[in-house]
Amino acid sequence: MSKLALITGATSGIGEAAAIWFAKSGYDLIITGRRADRLAALSASLKAAYPVKIKTLVFDVRERDAVETSLNSLDAGWQKVDVLVNNAGLSQGLEPINEGNTTDWETMIDTNIKGLLYVSRIVSNWMIEHKKGHIVNLGSIAGKQTYANGNVYCATKHAVDSLSQAMRIDLLPHLIRVTAIHPGAVETEFSEVRFKGDKERAKKVYEGFQPLAAADIADVIGYVVSCPPHVNINDLLIMPTAQANAVHTFRQ
Ligand code: NDP
Ligand code: 8X3
């Protein structure tokens, strides 16, 4: 029987690359995001390339009712999730705390923390029921280190770090594995979203050094879920070689 992975935020970047890794590795998939057209295109291309079953679910992780209705609409077979990748997330803005846009703050908190919790609550219960499961949370170097003007984004990723520790404890009696993956700079749509469509400013973030690619993180996710059942990678920090930490990047 095929294994099943549920990936939130599969419409671009790390989530999309993870979906490709799982499909290539023979997993059936539930892929989610807000952009229905992208989910449909990804589903079609993966089904054309690999013998996998794919369910697409369109919802905004910030909307608790929508998350619950959408996930609970899955029939019993689709609830037997082996791997949940809590990837949907974003940053909005890069301003000092006294100038921050409060709507941006709410968007980040609602997406990166509350959205992750809404999805995890439902899926962890399925995992408990089926006596199996592995939750992979996308944290960030921003969840290990706070950098100038990163304030609320960094706080949300510190929360992901903390919630990953909490899940590991609370789900321990059920032997559900929980891994937090904390990447440094990965060139995706992340900076374009942070700078609200300003492509030039977004491009500058990755100038002068080789950032990670989304596929690099997908490979790491693939590694952690492929470990034998008695092995859990708790926490992984993965940086571009040219980036020592959140603030020291060697640019040429
Ligand atoms: P992208 O912007 O390329 O992808 C973000 C994904 O999240 C999209 O699929 C988007 O889908 C989804 N998403 C965002 N908001 C919502 C929402 N409200 N409801 C549902 N889905 C949502 O960025 P990345 O791939 O880089 O980011 C993926 C994760 O990795 C994030 O959690 C990010 O914080 C983290 N990360 C990224 C790093 C980087 O440098 N890029 C480094 C460290 C961590 P849609 O818009 O269709 O809803
Ligand atoms: C994304 C990486 O350094 O821009 O989480 O916060 S960073």
Side-chain angles (χ1 to χ4, degrees), residues 6-20 31-42 56-64 66-67 70-71 85-94 104 106-116 118-119 136-161 163-164 180-197 199 201-202 204-206 209 211-218 220-221 236-240 242-249:
L6 191 166
I7 304 168
T8 65
T11 57
S12 83
I14 295 168
E16 182 182 19
I20 295 167
I31 49 176
T32 85
R34 290 166 300 179
R35 287 170 288 182
D37 52 339
R38 289 207 188 190
L39 284 180
L42 178 62
T56 59
L57 294 179
V58 180
F59 59 80
D60 185 324
V61 293
R62 291 172 297 176
E63 292 171 16
R64 184 160 49 87
V67 173
S70 189
L71 290 177
V85 183
N86 273 317
N87 165 77
L90 82 180
S91 181
Q92 292 271 270
L94 190 66
D104 288 349
E106 279 158 7
T107 302
M108 290 186 278
I109 291 166
D110 289 352
T111 308
N112 300 355
I113 306 177
K114 291 161 74 178
L116 179 144
Y118 299 153
V119 173
V136 179
N137 292 328
L138 262 296
S140 170
I141 179 65
K144 298 288 186 184
Q145 208 185 344
T146 303
Y147 53 83
N149 303 331
N151 43 62
V152 176
Y153 177 69
C154 294
T156 65
K157 290 299 180 178
H158 276 74
V160 172
D161 192 16
L163 288 171
S164 301
I181 295 183
H182 305 278
V186 190
E187 191 164 11
T188 61
E189 294 178 14
F190 176 85
S191 291
E192 227 177 290
V193 171
R194 166 172 260 176
F195 300 129
K196 300 175 181 168
K199 288 189 195 305
R201 191 173 176 198
K204 284 198 170 58
V205 173
Y206 309 107
F209 75 106
L212 296 167
D216 297 324
I217 305 304
V220 172
I221 296 170
L236 261 181
L237 186 57
I238 166 166
M239 305 295 289
Q243 194 186 8
N245 55 34
V247 292
H248 290 94
T249 302

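Whatever order the structure lists them in is the order used to number ligands and atoms, beginning at 1.
Inclusion of Tyr206 in the set of residues having an N or O under 3.5 Å from an N or O of ligand 1 is not warranted. At under 3.5 Å, a nitrogen or oxygen of Ile14, whether backbone or side chain, sits near a nitrogen or oxygen of ligand 1.
In the vicinity of Tyr153, heavy-atom distances shorter than 4.0 Å reach the ligand 2 atoms 1 (C), 5 (O), 6 (O). Interface of Phe59 with ligand 1, defined as ligand atoms under 4.0 Å from a residue heavy atom, comprises 19 (N), 20 (C). The atoms of ligand 1 that sit less than 4.0 Å from any heavy atom of Arg62 are 18 (N). Near Tyr153, meaning under 4.0 Å from any of its heavy atoms, are these atoms of ligand 1: 33 (C), 34 (O), 36 (N), 44 (C). The Arg194 neighbourhood of ligand 2 comprises atoms 4 (O), with distances under 4.0 Å to a heavy atom of that residue. Ligand 2 places these atoms under 4.0 Å from at least one heavy atom of Ser140: 1 (C), 2 (C), 5 (O), 6 (O). Atoms of ligand 1 lying under 4.0 Å from any heavy atom of Thr111, numbered from 1 in the order shown and given with element: 15 (N), 16 (C), 18 (N). Remark: ligand 1 atoms within the under-4.0 Å shell around heavy atoms of Glu189 are 2 (O), 3 (O). Residue Asp60 has at least one heavy-atom neighbour below 4.0 Å for each of these atoms of ligand 1: 17 (C), 18 (N), 19 (N). Remark: ligand 2 atoms within the under-4.0 Å shell around heavy atoms of Ala142 are 6 (O).
The shell of residues lying under 4.0 angstrom from ligand 1, judged by heavy atoms, includes Gly139. Residue contact check for ligand 1: Ala10 places a non-hydrogen atom closer than 4.0 Å to it. For Ser91, the closest heavy-atom approach to ligand 1 does not fall below 4.0 Å. Within the 4.0 Å heavy-atom shell around ligand 1 one finds Lys157.
Using a 4.0 Å cut-off between heavy atoms, Lys157 makes no contact with ligand 2 at all. Only the side chain of Ile141 comes within 4.0 Å of ligand 2, counting heavy atoms alone; its backbone N, CA, C and O stay farther away.
Of all protein heavy atoms, the one closest to atom 48 (O) of ligand 1 is Arg34 NE, 2.6 Å. In terms of protein heavy-atom proximity, atom 11 (O) of ligand 1 is nearest to Thr11 OG1, 2.8 Å. Of the protein's non-hydrogen atoms, Tyr147 OH, 3.5 Å is the one closest to atom 4 (O) of ligand 2.
Note on Glu189 versus Arg38: salt bridge recorded, some NZ/NE/NH1/NH2 to OD/OE distance being below 4.0 Å.
The residue from Pro240, Ser12, Gly13 that puts a heavy atom closest to atom 4 (O) of ligand 1 is Ser12.
Distance alone, capped at 3.5 Å, places no donor-acceptor pair between the His182 side chain and the Ile238 backbone.
When every heavy atom of Leu39 is checked against every heavy atom of Thr56, the shortest pair comes out as O-CG2, 3.8 Å.
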